Number of protein chains: 2
Amino acid sequence: MPNEKRPPFAENVTADDVAIAAGVSRWTVNRAFRKDASISPKSLQKVMVAAERLGYLPDLRAASLASDRSNLVALLIDDFANPHKLVMMERLTRILRREGWDILLVNTLNRDDAGHALLNASQRRVDAVILIGIQFDDDVLETALQARRFRKLIVFARSSENPNTISIAVDDVGAMTELARYVHRRGYRRPLFLAGPQSYSAHLLRKETFLEYWGKHFSFRPESVTVPAYDPALAGTIVMETLSHRGPSDLPDVIVCENDALAMGASDVIRHKLGLEIPKDIAITGFDDVPQADNPNYRLTTYRQPLTEMVEYLVKVLADPEERDLNRLFTGRLIPRHSA
Amino acid sequence: MPNEKRPPFAENVTADDVAIAAGVSRWTVNRAFRKDASISPKSLQKVMVAAERLGYLPDLRAASLASDRSNLVALLIDDFANPHKLVMMERLTRILRREGWDILLVNTLNRDDAGHALLNASQRRVDAVILIGIQFDDDVLETALQARRFRKLIVFARSSENPNTISIAVDDVGAMTELARYVHRRGYRRPLFLAGPQSYSAHLLRKETFLEYWGKHFSFRPESVTVPAYDPALAGTIVMETLSHRGPSDLPDVIVCENDALAMGASDVIRHKLGLEIPKDIAITGFDDVPQADNPNYRLTTYRQPLTEMVEYLVKVLADPEERDLNRLFTGRLIPRHSA
DNA sequence: TCTACATTTGCTCGCGCGAGCAAGAAAAAT
DNA sequence: ATTTTTCTTGCTCGCGCGAGCAAATGTAGA
């Protein structure tokens, strides 16, 4: 072998180059980089030394093309105003990467765009699509499933009744029942439910659970208000519109919110615009336990989803070759803080 | 042509299938999906009709492999505690997608992991890598550039003096000078600078600019404190440690923060733990203008980076074939609010 | 109508790797 | 030592597409 001195990390080093340098065949080189392949320790060593020296790394596009597994998942997200998304992304990216999955991030602009986003992802032949968002109603899921170029469609952090999707979510009924019971026991009697956009039926789960609980125990259905986006500022505006013209006796004594984003928006206007005190004048509960919920401005009583556990389950789902029912609901934990 | 009735969106429809259905060659089919290719309107029409019927979409892995352009960029992010990241991601994902770029999202866990993350991305043969984070010091950039399997290394929202990277950032010196002048003119005289982790020299720019401005006008160098992460809670802790044992006359009259995340953390402890009023007792300024800066709890005087403009420039950089100096600094806008 | 030129189409070859098989080497059993 | 079994290696072929050229088709001018 001549004492060739090529620069380290030259452009476009291919398995053939490494094969020549290591004195083995091209296939042995590729095998060295696959953990399932059978290769002798000696060849592995030789290949790795040569690869290191030449700066070789397998081309995952080619590997994917040849094997029809991309180790890529698409992450479709549509709601960047909700701080909870940042938490979910952090958890997902960290754990999926640890397990060898790469993530294609797609910002789904709006409901009509969801289909395009899906097709977009399918052109990269992703192995799975993870949906985190609010605009993925049944129609969207249906078109998504028709363009089946990916094996799995996972709806994360939302329950879905579509039989062809895998839903990994918190048990909304259980969670909201726990919250309702908490609010009940703390002595609140005039609740207002603040709901998010109700684009499909699963979104109604928290609201319905709460209203039914209350109906059962007090034989009246509490008032509820809908915010057309999970946007704190917008939630504030809506709450303001709803409450600003009421006398003190007409005000709710607790606002139960579908999530923390809404709760924080409500909290802001209650304190700063209506000049009321939380929880003395009006109490507030949220859902998700975003980092800001613990902030001294909010001290939000909320419900924490077991995100890590859910993502750990997600990676199992991704690895699962079988076609069976993989839906799963998780139980989280009520986090009592100052706001209620 | 037989009246074959295959199900729409069958699995693995390839260009050959469409070619047969449309009565053209395989290459004409692929050409129909490339906007630069020359193809007659008639064939285009035929191909598109057949493709639509069969549910065909080109395989971007194969296209990438054959053309050596992936239309993929890797987005390396390391700091999910800062809400500004969410804003940047929203802007980047939206605009890049509009321009036909897909995004590989990589969570860079820590400084040592940055190299791995880079190699990870390079295995997908991304066309460019965008770095948004704090842990990308010169060493990391250097190793990144050695493993040059991507054409461009873009440091976004941070200036970088590395000659081989493209830096798209706000003009920190100009911005901080404007902020310093504002603080100066508003009559504050005992500033404290709250800095983030100083992993490499560009991070010192805002701090140094402020301290020098003050030194020039008042011939003393203001006090400064360092927070080891851009984490609001941690910033609060550090501010608390620094100020809690001081008498009123020893307190700063303004805290100038390197960014909003730090400013919000500082604001929280000043109001809720020290029981002081903002801006009466202590004023605060931030940097970035995150959505929460406008929140009634903060009303933060801050500096808004022209993010959209910066991302629009980024897409131009991505499309630019030339090898020339593409670094650019942008000028933002001071947003005066209540906090200072 | 014929030539000159532009546009469109088809084709060969290769991008870098993996599946799966056959040949070869090594280990275990007889 | 010989046979059997197991492990390792090399190989053919194909994944789906694009570069770039050659052939075919179309268009304009004389």
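Below, read A as the first sequence line, B as the second, and so on, with proteins coming before strands; counting in each chain starts at 1. Worth saying up front: this structure is predicted, and the values here are computed from it rather than measured.
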key: Closest contact, heavy atoms only, A/Ala128 versus A/Leu318   = CB-CD2, 3.5 Å
inquiry  = Once ring-ring contact (aromatic ring centres under 6.0 Å, His included) is applied, what residue pairs with a partner in residues 86-119 of chain A remain, sequence neighbours excluded?
reply    = none
ask   = Can you list the residues that meet the side chain to side chain donor-acceptor pair (under 3.5 Å) rule with A/Ser167, with sequence neighbours excluded?
value = none
Opening and closing nucleotides of DNA chain D in contact with chain A, under 4.0 Å to non-hydrogen atoms = D/dT8 to D/dG16
inquiry  = Below the 4.0 Å mark, does C/dT9 have OP1 or OP2 next to a side-chain nitrogen or oxygen of B/Ser25?
reply    = no
request  = Sugar-phosphate atoms are those with a prime plus P, OP1 and OP2; base atoms are the rest. Using that split, label each nucleotide of nucleotides 24-29 of chain C B, S or - for protein heavy atoms under 4.0 Å, 5' to 3'.
outcome  = ------
Solution key, residues 62-76 of chain B side-chain donor-acceptor pairs under 3.5 Å, sequence neighbours excluded:
{"from": "B/Ser64", "atom 1": "OG", "to": "A/Arg61", "atom 2": "NH1", "distance (Å)": "2.6"}
{"from": "B/Ser67", "atom 1": "OG", "to": "B/Ala63", "atom 2": "O", "distance (Å)": "2.9"}
{"from": "B/Ser67", "atom 1": "OG", "to": "B/Arg69", "atom 2": "N", "distance (Å)": "3.2"}
{"from": "B/Ser67", "atom 1": "OG", "to": "B/Arg69", "atom 2": "O", "distance (Å)": "3.4"}
{"from": "B/Ser70", "atom 1": "OG", "to": "B/Leu72", "atom 2": "N", "distance (Å)": "3.3"}
{"from": "B/Ser70", "atom 1": "OG", "to": "B/Arg125", "atom 2": "O", "distance (Å)": "2.9"}
{"from": "B/Ser70", "atom 1": "OG", "to": "B/Asp127", "atom 2": "N", "distance (Å)": "3.3"}
{"from": "B/Ser70", "atom 1": "OG", "to": "B/Asp127", "atom 2": "OD1", "distance (Å)": "3.4"}

note = ring pair (Phe, Tyr, Trp, His ring centres under 6.0 Å) filter on B/Phe33, not counting sequence neighbours, yields B/Tyr56
ask   = Is A/Ser67 touching bases, backbone alone, or none of the nucleic acid, heavy atoms closer than 4.0 Å?
value = sugar-phosphate
Residue list, ring pair (Phe, Tyr, Trp, His ring centres under 6.0 Å) with A/Phe330, at least two apart or on another chain = A/Tyr313
query = When all nucleic acid strands are considered with a 4.0 Å heavy-atom cut-off, which category describes A/Arg31: base, sugar-phosphate, or nothing?
reply = base
remark   = 5'-most contact on DNA chain D (nearest-nucleotide basis), A/Trp27 vs A/Ser38, goes to A/Ser38
task = Both distances under 3.5 Å, Watson-Crick or G-U wobble: on that basis, could you give the dot-bracket string for DNA chain D, with [ ] for crossing pairs and | for other-strand partners?
result = ||||||||||||||||||||||||||||||
request  = Among residues two or more places apart or on two chains, list those pairs meeting side chain to side chain donor-acceptor pair (under 3.5 Å) that have a residue in residues 31-41 of chain B.
outcome  = B/Ser40-B/Ser43
message = On a heavy-atom basis, which atom in A/Ala32 and which in A/Met48 lie closest, and how many Å separate them?
response = O-CE, 3.4 Å
query = Closer to the 5' end of DNA chain C via nearest nucleotide, is it B/Ser40 or A/Leu65?
reply = B/Ser40
Partner set under side chain to side chain contact (heavy atoms under 4.5 Å, CB included) for A/Arg94, not counting sequence neighbours = A/Glu90, A/Arg91, B/Asn107, B/Leu109
query = Taking only residues two or more places apart in sequence or in another chain, which ones pass salt bridge (charged side-chain N to carboxylate O under 4.0 Å, His left out) with B/Glu312?
reply = B/Arg98
ask   = Listed by chain and number, what are the side chain to side chain contact (heavy atoms under 4.5 Å, CB included) partners of A/Ser25, not counting sequence neighbours?
value = A/Trp27, A/Thr28
